[in-house]
Amino acid sequence: MRPLIDLINAVSEKLDYPAEAASLAVGGITADSRKVEAGSLFAALKGTQFDGEEFIPEAKQAGAVAVLCDRQARVAGGGVPLVRSANPRR
């Protein structure tokens, strides 16, 4: 497990995140909600056929501790902190 704040600080872009995200630990990161495990960071990315934002509830239920999403995403984390980025694919 790695502190989420270490990942946040490792990118050059200023990310928006709630204070509670700084105290979380992350065991892995995935953009596939079917592969989320307890302690994962779910990357809710827009694709050509699907929008990862639609799968946030499934990721949360599977054990995601936080969600990486676009800064413009119109979603609520539903109890999971959202880490917002202008370019979440970076």
Side-chain angles (χ1 to χ4, degrees):
M1 297 287 266
R2 183 172 182 177
L4 178 57
I5 195 67
D6 287 356
L7 299 174
I8 290 170
N9 290 334
V11 297
S12 58
E13 174 192 356
K14 168 88 170 83
L15 302 176
D16 296 330
Y17 59 92
E20 74 241 36
S23 64
L24 297 174
V26 175
I29 183 171
T30 183
D32 186 337
S33 62
R34 298 167 297 184
K35 295 183 179 178
V36 170
E37 297 177 354
S40 294
L41 172 64
F42 176 59
L45 305 176
K46 289 187 181 197
T48 57
Q49 296 186 345
F50 298 103
D51 186 342
E53 294 173 20
E54 298 173 16
F55 299 98
I56 291 173
E58 288 87 349
K60 176 186 170 192
Q61 187 173 12
V65 295
V67 173
L68 174 65
C69 63
D70 188 90
R71 194 176 307 274
Q72 305 304 319
R74 294 183 180 169
V75 297
V80 177
L82 299 177
V83 178
R84 294 180 179 269
S85 168
N87 186 355
R89 291 188 178 277
R90 278 199 255 164

With R89, which residues qualify under salt bridge (Lys or Arg N to Asp or Glu O under 4.0 Å), at least two apart?
none
P18 to P81 - nearest heavy-atom pair and separation:
CG-CB, 3.6 Å
Interatomic spacing from CG in L68 to CZ in F42 - rounded to 0.5 Å
10.0 Å
Tightest non-hydrogen contact, residues A66 and L4, listed as CB-CD2, 3.9 Å
Locate the shortest heavy-atom distance separating E54 from E58; write the atom from each residue and the value.
O-OE1, 3.5 Å
With rounding to the nearest 0.5 angstrom, report the CD1 to CZ distance, I29 to R2.
11.0 Å
Partner set under side-chain contact (heavy atoms from CB on, under 4.5 Å) for A31, not counting sequence neighbours:
A43, L45
Taking salt bridge (Lys or Arg N to Asp or Glu O under 4.0 Å) as the definition, give me every residue that meets it alongside D6, ordered by chain and number, with sequence neighbours left out.
none
Donor-acceptor contacts, no H, no angles, side chain residues 7-15, under 3.5 Å, sequence neighbours left out:
| from | atom 1 | to | atom 2 | distance (Å) |
| --- | --- | --- | --- | --- |
| N9 | ND2 | I5 | O | 3.2 |
| E13 | OE1 | S85 | OG | 2.8 |
| E13 | OE2 | R71 | NH2 | 2.8 |
| E13 | OE2 | S85 | OG | 3.3 |
| E13 | OE2 | A86 | N | 2.6 |

What residues, two or more places apart in sequence or in another chain, satisfy side-chain contact (heavy atoms from CB on, under 4.5 Å) together with Q72?
D70
Qualifying side chain to side chain donor-acceptor pair (under 3.5 Å) pairs, either residue in residues 43-53, two or more places apart:
none
side-chain contact (heavy atoms from CB on, under 4.5 Å), paired with V67, selected from V80, V83, L41:
V80
